[in-house]
Every structure is written in structure tokens, then in C-alpha cells.
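Since the structure comes first, as C-alpha cells, the remarks are kept for the end.
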There are 2 protein chains.
Amino acid sequence: MSPRRSYDQYCSAARALDLVGDRWTLLIVRELLAGPRRYTDLHADLPGVSTDVLASRLRDMERDGLSTRRRLPPPGAAYVYELTARGRELLPVLQALGAWGEGVLGERRPTDAVRAHWFALPLLRGLEGFGAGLVEVRLEEGEFHVWVGAEEGAALYGDGPAPGEPDARLSFDGADTWGALGRGELSLAEAVRAGRVEVVGEGGLAKELREV
Amino acid sequence: MSPRRSYDQYCSAARALDLVGDRWTLLIVRELLAGPRRYTDLHADLPGVSTDVLASRLRDMERDGLSTRRRLPPPGAAYVYELTARGRELLPVLQALGAWGEGVLGERRPTDAVRAHWFALPLLRGLEGFGAGLVEVRLEEGEFHVWVGAEEGAALYGDGPAPGEPDARLSFDGADTWGALGRGELSLAEAVRAGRVEVVGEGGLAKELREV
DNA sequence: CGGCATCCGTGACGATACTG
DNA sequence: CAGTATCGTCACGGATGCCG
């Protein structure tokens, strides 16, 4: 049990950092925004985190009301971690960090890990201003899928095919394009207009995206 | 020289945390958003930071383009640290953290430090939606002043009287009121309407505030 | 006196090994 | 699969000293 290390400042930003300022915590939140995850999944998608630190963070987050631990019903009974409503409210923090970090992202370094759902945060930002809806995204040829949506009280994005009938499907023409979007060099609207992202679908959202 | 510890993830949020995720860094940014500060001022307003960590963070921030070190012209020649434009762009990150942290701020603990300018962040949020302008705030009877403004390229807030003729002056009726505003229990508009914040001034901003 | 650098004790962290 | 145990290392916090 970590005996909470606090900045001891009567300031809400400092208090927020008391809870989520530790190393790895916000990245765990980013992972769990993709929906419930098992310990091993988290460990696999957060290269470099040690097992004890991950376990410790998950305990702290549960104690602080950011996440819960739940046993999945059989078959496949396992423990999954998921965010509480309070934890999901950290999305704007990650968005602000992500927007700021676009300026320093640069090219991918050989040592950099990549996961498809990390790309969901800039995608969500790119979809702001458009109507809500479920969007399935193919980042490259093949099966490199992500989905992004606005379901209240549930996951905001995830790997793989969308968990339902998507309102629109986006197909990127390659890593250059989604890389540029992640770096903030290209907006989603621009990418669609330039033909670097194909929009498929009949729903209102798909039409909006095509008509920017 | 810190040999940069990175998460090594191709994700702009993770990259942002590479730069500002270390302990104290974002709080130093919060301090410097109030304008140029000397080393000793920073050390005094960040109780608990050790001298070497503060010096190390300031060096890292300068190396990373977040802040610069400048020598003040005599008299009173001293070094001051100030944010670059890039560093000032972290304001939304602090705002997102502060907005989220309102929910866990609670009552002031005996061990909590307080500074008047820490209150400027929630005040800035409360002024969003109103016209821009320079606002001077008296938090309690006496000389407990803060100012908040929207001068591009300069400090966003600070202690003491406003550095110019303010467009509006706000007077809080006591610590309960600005505490409630800091905790998010009360919006600035509500506080004005309830008579807990007095608005003085003839400018458009002052009128807007009175007429919510 | 302001602005650090140095030293030291403690705790956080990262890697690996191991267990129910 | 989901962690706990162990251990070396490094970051941090506190105190002191130095140097302009």
C-alpha cells in the first residue's frame, strides 16, 4: 500500500497530479480507455513497465476510484481492469497532452513501440465537431483495425473491428498518412479531402466526413 | 545532464509525458505561467522540491525548449526563468488537470500550502466565454491580490496588483467563496449572481460579468 | 543573499525470477 | 495467467557548503 506521496498544495491541478502524476499512471488510463483489459494485456501494451509497478499502479488507481477490478464470467474467467466514470473523465487530460505532444512526436524512432489504439486519441480529436457515431478505421491494408466511438459509459475506442455496426468506415492509404495525422501535420478533414483517407458508409457521419 | 528517460512509445501523449511527466515539472510550468520567476521564488512557492531537483528540472526544461533563462538588466540583475511560447502552450494541459482535480480537492488540509496565483487557473476557466480582458481580483479583505489576463505572449496571471489598468475588478467576500470556486462547487457566474463576488468597472467585461 | 553543487539516506523504479 | 519476491539502480528529499 503506497502511503500516498502528495505535493500538499491546495490547488486542484496539484491534487490531480497527486493521483495521476506517477510514472505510467496516465498511460494505464489511456490503455483502459480502450475498454476492460487484463493484467497481461496491459503489461504487453506498456513495454518497459515492470510487473510490480503495474500491479502497484492498478491498486492505487482502484483505491483512488479511477478503476475497478472485475472477474469475467466463465468461460474464460479472468480478472479485468476497467475505468470508473471518474477515470474516464481523464480523457480531456490525455487529449490535452496528446495535442501538445503532436509538436514533438516527430518520426518514429526504431525503439518506439506502436499500438493501433494509440492512434485513436488523435482520431477522436479529429472527429470533434462532427456528429457522434461509431467509426471503424483501417490503418493499413490488411487487418490493422481500430475503432472510435462516443458510447457514454463504455470504452471510447479499441483494437480490432468495431463492436457493432459502424456509422462510417475510414481507410488510410498507409502509415505515412496516419503518422502525419498523429503528428498533427494533417487534419482528418484534410486527409479526406486529399484522398488519403477513404470514407465508406451511408450514415450522416460518413456524409459529413466526405463533404468537409 | 539527464539522459532522457523515455517511454519509447510512438504516441503523442506518451511523448508529452516524456517531457513534462517528471515530478514537479508541470507545477514549475504552472508557476512560470505567472511570468518570469527567479530560482528562489520558484523554490519558495514549491515547498518540498529539493534544490537540486529544481535546478535539474529547469535545465531539462530549457534543453527541451519549454523555458529560457535570462539575465535581468541592472539594477537587481538576477537570472529569471520564463516560459517559451511552446511552454505556454501547456496551459490547456494544466487546465484539464485542474478541472479534473476540482472533484478531489476537498477542504484545505493543514499541511496544504496555498498561493494566491494558484487560484488564477480556476479563475481563468471561469472567465472562459466572457470577452478577453485584464482582471484584478481581491481574494479577501486586505491585499491578497491576483490578476488574470489574456495577454498573448506574456504571463497569463500573477500575484499582486494587475500590471496595467484592469478592465474589471473582482472582490471575493472571503475564503469560503474562492475555495468553493476552486473546488468547482460554484461557478464564477453563480458567485457573482449570489453577491459573493463584487464586480467593479465600467468596461465591457465588467458589464458582461454583472449581467450573467 | 541568490543560485546552485555535493553528499547522503530513503524510496521509487526496472529487470528477472519465481509461485499459486 | 496474474501477479509476488528479490535485488540493483536511480530518482528524490533534506541538509550543507561553496562561490559569485
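Heavy atoms only: backbone and side chains are in, while hydrogens, waters and symmetry mates are out.
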### Message
Assess whether a salt bridge exists between B:Arg59 and B:Glu62, defined as any Lys/Arg side-chain N lying under 4.0 Å from an Asp/Glu carboxylate O.
### Response
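Salt bridge flag = no for B:Glu62 with B:Arg59.
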- [ ] Tell me whether the OP1 or OP2 atom of C:dC13 has a side-chain N or O from A:Trp24 closer than 4.0 Å.
- [x]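 No.
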Think B:Arg57 has a side-chain N or O under 4.0 angstrom from the OP1 or OP2 of D:dC12?
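Checking D:dC12 against B:Arg57, a side-chain N or O does come within under 4.0 Å of OP1 or OP2.
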Interatomic distance, [X] [atom1] vs [N] [atom2] [rounded to whole Å]:
{"X": "A:Arg37", "N": "D:dA2", "atom1": "CZ", "atom2": "P", "answer": "13 Å"}
{"X": "B:Leu46", "N": "C:dG3", "atom1": "CG", "atom2": "C1'", "answer": "16 Å"}
{"X": "A:Tyr81", "N": "D:dC1", "atom1": "OH", "atom2": "C1'", "answer": "11 Å"}
{"X": "B:Asp22", "N": "C:dA12", "atom1": "CG", "atom2": "P", "answer": "16 Å"}
{"X": "A:Leu54", "N": "C:dG14", "atom1": "CG", "atom2": "P", "answer": "11 Å"}
{"X": "B:Asp52", "N": "D:dC12", "atom1": "CG", "atom2": "P", "answer": "9 Å"}
{"X": "A:Arg71", "N": "D:dG3", "atom1": "CZ", "atom2": "C1'", "answer": "13 Å"}
{"X": "A:Ile28", "N": "D:dA2", "atom1": "CD1", "atom2": "P", "answer": "15 Å"}

Aromatic rings A:His117 and A:Tyr157: how do their planes relate, parallel, tilted or perpendicular, breaks at 30° and 60°?
parallel
Residue [X], side-chain atoms from C-beta onward, closest of [options]:
{"X": "B:Thr51", "options": "C:dC13, D:dA15, C:dG3", "answer": "D:dA15"}
{"X": "A:Arg23", "options": "D:dG13, C:dG3, C:dC13", "answer": "C:dC13"}
{"X": "A:Arg5", "options": "D:dC12, D:dA2, C:dG3", "answer": "D:dC12"}
{"X": "B:Val53", "options": "C:dC4, D:dT4, D:dG13", "answer": "D:dG13"}
{"X": "A:Arg38", "options": "C:dC4, C:dC13, D:dC1", "answer": "D:dC1"}

Hey, which of A:Thr84, A:Val29, A:Thr68 is the one that makes side-chain contact (heavy atoms from CB on, under 4.5 Å) with A:Met61?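 That would be A:Val29; it is the only one of A:Thr84, A:Val29, A:Thr68 passing the side-chain contact (heavy atoms from CB on, under 4.5 Å) with A:Met61.
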- request: Please check if any side-chain donor atom of A:Glu31 sits under 3.5 Å from a side-chain acceptor atom of A:Trp24, or the reverse.
  value: no
Under 3.5 Å side-chain donor-acceptor pair for B:Ser6 and B:Arg15: no
With a non-hydrogen cut-off below 4.0 angstrom, is B:Thr40 in contact with a base, only sugar-phosphate, or nothing?
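The residue B:Thr40 makes sugar-phosphate contact but no base contact.
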**Request:** Give one of base, sugar-phosphate or nothing for B:Arg69, where a contact means two heavy atoms less than 4.0 Å apart.
**Result:** sugar-phosphate
*Any N/O donor-acceptor pair, A:Ser56 side-chain to C:dA12 base, under 3.5 Å*: no
Query raised in the report: Has the side chain of A:Ser50 got a donor or acceptor that lies under 3.5 Å from a partner of the other kind on the base of C:dT16?
Result: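 Looking at the base of C:dT16, it does not pair with any donor or acceptor on the side chain of A:Ser50 (distance under 3.5 Å).
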DNA chain D nearest-nucleotide lookup for A:Ala55 and A:Tyr7: closer to the 5′ end is A:Ala55
